[in-house]
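This report refers to the structure that appears directly beneath it.
Whatever order the structure lists them in is the order used to number ligands and atoms, beginning at 1.
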Amino acid sequence: MIYTDTRDKSVKTDFRTAVMNGMNEKTGGLYIPVEFPALSSEFINKNPEPSFRDIAFEMAKPYVAGEIPDADLSAIIQDAYPFVAKVVPVDPTAYVLELFHGPTCAFKDFGARFMARVMSYFNRNEDTRLHILVATSGDTGSAVGSAFHNVPGLDVTILYPEGKISPLQEKQLSTFDGNVRALKVKGTFDDCQRLVKTAFTDKELRAKLRLSSANSINISRLLPQSFYYMYSALVVKNQSWRMSKIENPAIITVVPSGNFGNLTSGLIAREMGAPIMGFVAATNTNRTVPDWISTGEYKARPSVETYANAMDVGAPSNYERIISMYTLEQVRNLFASYWLDNDGIIKSIKHCFDRTGYTIDPHGAVGWKAWDDIRSGALQSLKDGSKGDYTKPGLSPNLPAWADCVLNKKAVGIILETAHPAKFGATVTQAIGREPIIPERLEKVLKLEDKAIPMQNDYKQFKEWLLENL
Ligand SMILES: *Cc1c(COP(=O)(O)O)cnc(C)c1O
């Protein structure tokens with residue numbers, strides 16, 4: 001597969017370069033495959049549908065062709081995914097796609113585990129270790145730390161702002177041993193990011209250490225997230241007659257979004273033939289993308305804190321990939337968009353629980369409310385001529401091309417549940433008056449010893465530490 005760049009279409013490179021570089025330093029652009037080959041209709045129309053891992057293998061194949069042989073790709077996928085995504089019907093026209101069955105209980109495990117194994121594969125013939133530096137404001141650090149833990153040839157150093165992440169998140173990233181360590185920095189997330197960025201531009205340091213990053217713009221994190229979109233759409237396509245009494249429903253996938261990497265992966269899956277009719281881009285108060293879809297003007301802004309904190313992004317980096325794939329007009333046909341404030345998030349968790357008995361986390365809750373409003377009147381009122389008000393929580397005023405499928409009751413929604421509710425226990429308890437059940441793997445981590453190393457917000461000290469300890 002040839003990879004190009006969102007800012008310069010004359011760039012042509014291979015998968016290895018795209019993965020190892022993360023982004024194109026020369027242009028500041030993001031790598032993107034030149035095409036998204038569709039799976040055969042024979043594969044897509046299998047009933048029952050292929051397993052998650054078989055889908056993963058078929059979808060990954062074209063992107064690594066000529067660089068990773070089939071047997072090695074298959075081993076990477078088996079090793080990355082001892083867990084799967086689960087489709088849970090919660091009512092006749094709503095399915096929840098649980099993406100939290102991985103080790104850190106959030107969807108980022110899908111991307112990070114694939115990336116770790118691919119990097120290790122590309123590093124296998126090097127005689128020096130590759131050092132991954134990652135700054136985190138919470139979830140990314142634990143997914144990356146866990147994904148790279150004990151992966152041969154690689155080391156990970158996680159930087160996080162001391163006292164600014166939740167106690168559970170802190171445990172999840174500071175208790176590793178071996179090749180993964182955490183530095184608690186006396187500063188903010190931006191300070192952590194500055195330390196990492198300075199290290200990457202430090203020629204003296206780079207002459208001594210091989211450095212790489214593991215952030216969410218890496219194409220090897222985006223591609224594997226497309227696997228579960230395909231998988232869930234095929235499961236729902238095959239089961240909807242039994243569950244929803246609708247034959248061949250229009251499938252609308254609802255994506256709680258922050259940096260829009262997850263949604264971009266959904267677009268890739270659709271290009272590859274996933275039977276997804278449309279998407280709902282759902283955000284919290286950080287509504288940069290819903291505002292763009294409403295007004296046509298893209299205005300990045302500082303992020304604000306919300307209960308769905310993994311979506312607190314004011315300048316989503318994958319916007320650049322979305323507009324390299326589609327025009328605004330196409331986006332308005334393909335996406336509905338929706339945003340919800342903190343008060344709405346609490347009410348949505350309660351509403352979902354009262355209506356279906358399902359305990360949803362604050363991120364998934366944004367998706368639940370979006371879908372429930374869309375199917376029960378919000379689209380109808382746009383169709384009837386309401387202008388809508390994009391500055392208020394709710395549906396953005398564009399009418400997607402699939403609106404009639406919903407209005408004619410021919411559509412079902414798949415809501416991506418991006419994290420386990422127990423990761424956000426306090427918010428969920430506030431909403432429904434009871435604590436979510438904690439999975440065993442989270443409970444275990446709470447009992448481990450915290451090994452984080454204190455670090456001043458000072459590049460000189462950070463560099464000395466790297467040189468002494470890596
Ligand atoms: C990262 C994250 C998101 C947002 O995903 P993007 O790809 O950044 O849009 C949503 N929910 C949870 C729980 C996350 O960790």
Looking only at protein heavy atoms, which one is nearest to atom 8 (O) of ligand 1, and how far off is it? Asn259 N, 2.8 Å
Can you name the atoms of ligand 1, numbered from 1 with element, that are less than 4.0 Å from a heavy atom of Phe260? 6 (P), 8 (O), 9 (O)
Determine whether Ser174 and Tyr160 make a side-chain contact, defined as any pair of heavy atoms from C-beta on separated by less than 4.5 Å. yes
What is the ring orientation for Tyr3 with Tyr63, classed by angle as parallel under 30°, tilted 30 to 60°, or perpendicular over 60°? tilted
What one should report as the nearest heavy-atom pair of Ser337 and Pro290 is OG-CA, 3.5 Å
For atom 12 (C) of ligand 1, the closest protein heavy atom turns out to be Thr418 OG1, 3.4 Å
Contact atoms of ligand 1, heavy-atom distance to Ala419 under 4.0 Å: 13 (C)
For ligand 1, find out whether one of its N or O atoms is nearer than 3.5 Å to an N or O atom of Phe107. no
Numbering as shown, the atoms of ligand 1 that approach Asn262 to under 4.0 Å (heavy-atom distance): 7 (O)
Exceeds 12 heavy-atom contacts within 6.0 angstrom, atom CD of Gln330: yes
Any side-chain heavy atom of Pro436 within less than 4.5 Å of one from Thr429? yes
Looking only at distances, please establish whether an N/O atom of ligand 1 is found under 3.5 Å from an N/O atom of Ser257. no
Partner of Thr306 under side-chain hydrogen bond (donor to acceptor under 3.5 Å, both in side chains), chosen from Thr427, Asp312, Asp341: Asp312
The protein heavy atom nearest to atom 4 (C) of ligand 1 is Gly258 N, 3.7 Å
Using distance alone, determine whether His363 and ligand 1 share an N or O pair under 3.5 Å. no
May I ask you to check if ligand 1 and Asp361 share an N or O to N or O distance below 3.5 Å? no
Gly261 N/O to ligand 1 N/O under 3.5 Å: yes
Atom 14 (C) of ligand 1 - nearest protein heavy atom and its distance: Lys108 NZ, 2.8 Å
Please check if atom NZ in Lys451 has more than 12 non-hydrogen atoms from other residues, nucleotides or ligands closer than 6.0 Å. yes
Do you see a donor-acceptor pair shorter than 3.5 Å between the side chains of Ser220 and Asn218? yes
